[in-house]
Amino acid sequence: MQIPFKQYGSLLADYLKPQRGRVIGLAIALLSSIVLQIINPQILGYFIDTAVEGGSQQSLLGAAIAFTAIALLTQVFSVAATYLGETVAWSATNALRVDLAAHCLRLDLSFHKAHTPGELLERVDGDVNALSRFFSQLVIHVLGNGILLAGILTVLCFENRLAGLSLSAFAVVALSLLLGLRSLAISPWADYRQISAEFYGFIGEHVAGREDIRANGAVHYVLRRFYELLQRWLPVYQRARFASTVLWATSVGLFTIGNAIALAVSAYLWSQNAITLGTAYLIFHYTNLLAQPIERIREELEQLQQVEASIHRVREVLNVQSMLSNQGHCSLPMGALPVSFKQIWFSYETSKHQNPERAKFPAPQNWTLQDLSFYLPAGQVLGLLGRTGSGKSTIARLLLRLYDIQSGQIHLGGGAIAQVPLSELRQRVGLVTQDVQLFQATVRDNLTFFDPQIPDDTILQTLEDLGLAPWLRSLPNGLNTHLGSDSSGLSAGQAQLLALVRVFLKNPGLVILDEASSRLDPQTEALIEQAINKLLKDRTGIIIAHRLQTVHRADQILILEQGQVLEYGDRSTLANQPHSRFAQLLKTGIGVGEGG
Ligand code: ATP
Ligand code: MG
């Protein structure tokens, strides 16, 4: 998983450029604190020598004050460096988080089918978190500590050749040994992050499905899998920690040896009268100071492993291209939009680039829609019937281009649907899905999809037009009523009403209603019927119906069976043909789902 340096570079450049000033400030603060750290022991050495020689009180006092001042200044620079470092890191990672989230939202649904929400969370937050150090500290710390190391060794050489050379040799050995051992911790930590991504994926999925899990008595099963995951997690974590501990222990041992070398060299030189006591102290102090950059460089390079893994995964997500091309520039005409499907073949499974010749003769079980054709003129309404799983909702998804078809042509408003920019398409096609998704926000935000441009007057007028004003008045705080997550607090019927208003506010040219299969009470049903009538006025409509009474307003009827057209024609014609499937359905009067 080696990542070329160019990629690190481009990532750093992309996200650090906007905050160039802060990065420069950070570098200055860090380098200043490094220089001061090297200077300060010199003052202490001078202090010791002056004291031993019985120097004047005044020079001792001066040295003490200078020492304290420099120590304080070092702290000031350290605090500034930490502050700037955190700011840089958070700004850069937040920008990356936004980019990742926006990218994921742009990807087509097949990507989201393949990745659980928890996994994406770990990508967008967990991995990016790991990168925050990379942005703020890694480069500057490795560089800064490299400079500190070189500075210390140079100063030591100036103090005493023997001490300088022997400690330089020690530093080289220590650093290469620690770097050599660093690979020990790579794969355990990679395993750790993998299993933690799995864990959060599991949690996310099961928290979302908690109602079904409880209702189906699957709690024990889920808990068992939860424990199993935890049990797998612990040894992986232990292995990773153990590897890190071995590294830590090695470095502590090494620095003890370093100290011993420094003491031995100083004692020898002092006994030979080659150095003063102050210089002996300096050598010892600088050796101690060596530990910090060596340890830091090791730590940062160890981090680099995790960072590398994170960069790799983040890149992987960023490199996923949406299967949907969004190159079209054709605008949709205003008003109601005609819809035509010409010999549509569609499957959720097969890839888009399948050989079109072979696509004509597919294995029947793989196709969700087979050779489907219909034409719906502008302003007319199509009633779509069919058993569950016959492909009705799939037609709606294709019209919003949540997926692309493998073969055939879909036209909307006279032009090919693939030529319409996605944002415009989704603005002009309104869909009410089977299960309405509500957000944890006010009724207003849920209606406008957080669009502050839509004034309250418009919302209230729309509600009034749709006959929903009494419903709004029944809410405790009107538009400001807070809805819980998972549409808690709203019945299925109320959620449907809300979704209808949502679509109405978009003012689309094509409305698709995917009727909820749940039965509503007659009063809500009447409200919804009324709202639908208003909504369909001067618009093209496709009503996916589970109840026969909702298709009475349709101009055309299409009955699907296993993705194929079973019957298609004018509603009145079909209703008057005694042998048509539609007429039979009307006669028996049973729900479409159970019919046939
Ligand atoms: P219902 O009346 O229950 O809403 P439907 O007619 O709307 O059914 P669709 O949702 O269109 O049915 O599904 C048609 C077929 O496509 C089904 O066999 C279903 O299993 C399959 N299918 C639906 N969504 C997906 C998906 N995201 N990935 C793979 N297969 C899918
Ligand atoms: Mg459906």
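Atoms within a ligand are numbered from 1 in the order they appear, just like the ligands themselves. We count residues from 1, following the sequence as given.
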*Asks:* Under 4.0 Å between a Lys/Arg side-chain N and an Asp/Glu carboxylate O for Asp125 and Arg97?
*Replies:*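 Yes, this pair counts.
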
*Asks:* Using the six-membered ring wherever Trp is involved, compare the ring planes of Tyr192 and Tyr237 and label them parallel, tilted or perpendicular (cut-offs 30° and 60°).
*Replies:*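 Rings of Tyr192 and Tyr237: tilted, as their planes differ by 30° to 60°.
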
*Asks:* Under 4.0 Å from a heavy atom of Thr368: which atoms of ligand 1 are those, numbered in the order shown and with their elements?
*Replies:* 14 (C), 15 (C), 16 (O)

*Asks:* Hey, can you pull the donor-acceptor pairs under 3.5 Å for the side chains in residues 194-201, sequence neighbours left out?
*Replies:*
unit_1	atom_1	unit_2	atom_2	d
Ser196	OG	Arg193	O	3.3
Glu198	OE2	Arg232	NH2	2.6

*Asks:* Do Asp127 and Arg313 meet the salt-bridge criterion of a basic N to acidic O distance under 4.0 Å?
*Replies:* yes

*Asks:* Using a cut-off of 2.8 Å, find all protein N, O or S atoms closer to the Mg ion (ligand 2) than that distance.
*Replies:*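 Result, waters dropped: Ser393 OG, Gln434 OE1.
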
*Asks:* Can you find a heavy atom in the side chain of Phe226 that is under 4.5 Å from one in the side chain of Ile203?
*Replies:* yes

*Asks:* Just to check, does Phe346 reach to within less than 4.0 Å of ligand 1 when the distance is taken from its heavy atoms?
*Replies:*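 No, that is not the case, since the closest heavy atom of the residue is not under 4.0 Å from the ligand.
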
*Asks:* Got the closest protein heavy atom to atom 2 (O) of ligand 1, with its distance?
*Replies:* Lys392 NZ, 2.7 Å

*Asks:* Which ligand 1 atoms are under 4.0 Å away from a heavy-atom of Arg397?
*Replies:* 10 (O), 23 (C), 24 (N)

*Asks:* Under 3.5 Å, is there a donor-acceptor pair linking the side chains of Asn533 and Glu529?
*Replies:* no

*Asks:* Closest non-hydrogen protein atom to atom 8 (O) of ligand 1, residue and atom name please, with distance?
*Replies:* Gly389 N, 2.8 Å

*Asks:* Just to confirm my output: which protein heavy-atom neighbour is closest to atom 21 (C) of ligand 1, and how far is it?
*Replies:* Tyr348 CE1, 3.8 Å

*Asks:* What distance do Leu585 atom CG and Glu567 atom CD have between them, rounded to the nearest 0.5 Å?
*Replies:* 8.0 Å

*Asks:* Under a plain distance cut-off of 3.5 Å, with no hydrogens placed, do Asp570 and Ser572 share a side-chain donor-acceptor pair?
*Replies:* no

*Asks:* Any donor-acceptor pair under 3.5 Å linking the side-chain atoms of Thr394 with those of Tyr403?
*Replies:*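 Absent: no donor and acceptor within the cut-off.
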
*Asks:* For atom 10 (O) of ligand 1, which candidate among Ala545, Ser393, Ser347, Ser390 provides the closest heavy atom?
*Replies:*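 Minimum heavy-atom distance to atom 10 (O) of ligand 1 goes to Ser393.
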
*Asks:* Between Arg123 and Glu316, does any NZ, NE, NH1 or NH2 come within less than 4.0 Å of an OD or OE carboxylate oxygen?
*Replies:* no

*Asks:* So which protein heavy atom does atom 4 (O) of ligand 1 come closest to, and at what separation?
*Replies:*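 Heavy-atom neighbour on the protein nearest atom 4 (O) of ligand 1: Gln434 NE2, 2.7 Å.
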
*Asks:* Would you indicate whether the side-chain heavy atoms of Val503 and Leu431 approach each other to under 4.5 Å?
*Replies:*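 When only atoms from C-beta onward are counted, Val503 and Leu431 do not touch, as no gap falls below 4.5 Å.
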
*Asks:* Looking at non-hydrogen atoms alone, which of Thr388, Thr394, Asp514 comes nearest to atom 9 (P) of ligand 1?
*Replies:*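 Shortest heavy-atom distance from atom 9 (P) of ligand 1: Thr394.
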
*Asks:* Would you mind reporting whether Tyr348 and Ser110 have side-chain heavy atoms less than 4.5 Å apart?
*Replies:*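 No, too far: nothing below the 4.5 Å cut-off.
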
*Asks:* So which protein heavy atom does atom 28 (N) of ligand 1 come closest to, and at what separation?
*Replies:*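 Scanning the protein heavy atoms, the shortest distance from atom 28 (N) of ligand 1 goes to Lys113 NZ, 3.0 Å.
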
*Asks:* Is there at least one protein heavy-atom neighbour under 4.0 Å from atom 26 (C) of ligand 1?
*Replies:*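 At least one protein heavy atom is under 4.0 Å away.
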
*Asks:* Below 4.0 angstrom from a heavy atom of Tyr403, which ligand 1 atoms are there? Numbered from 1 as shown, please.
*Replies:*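 Selected atoms, number and element: 27 (N).
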
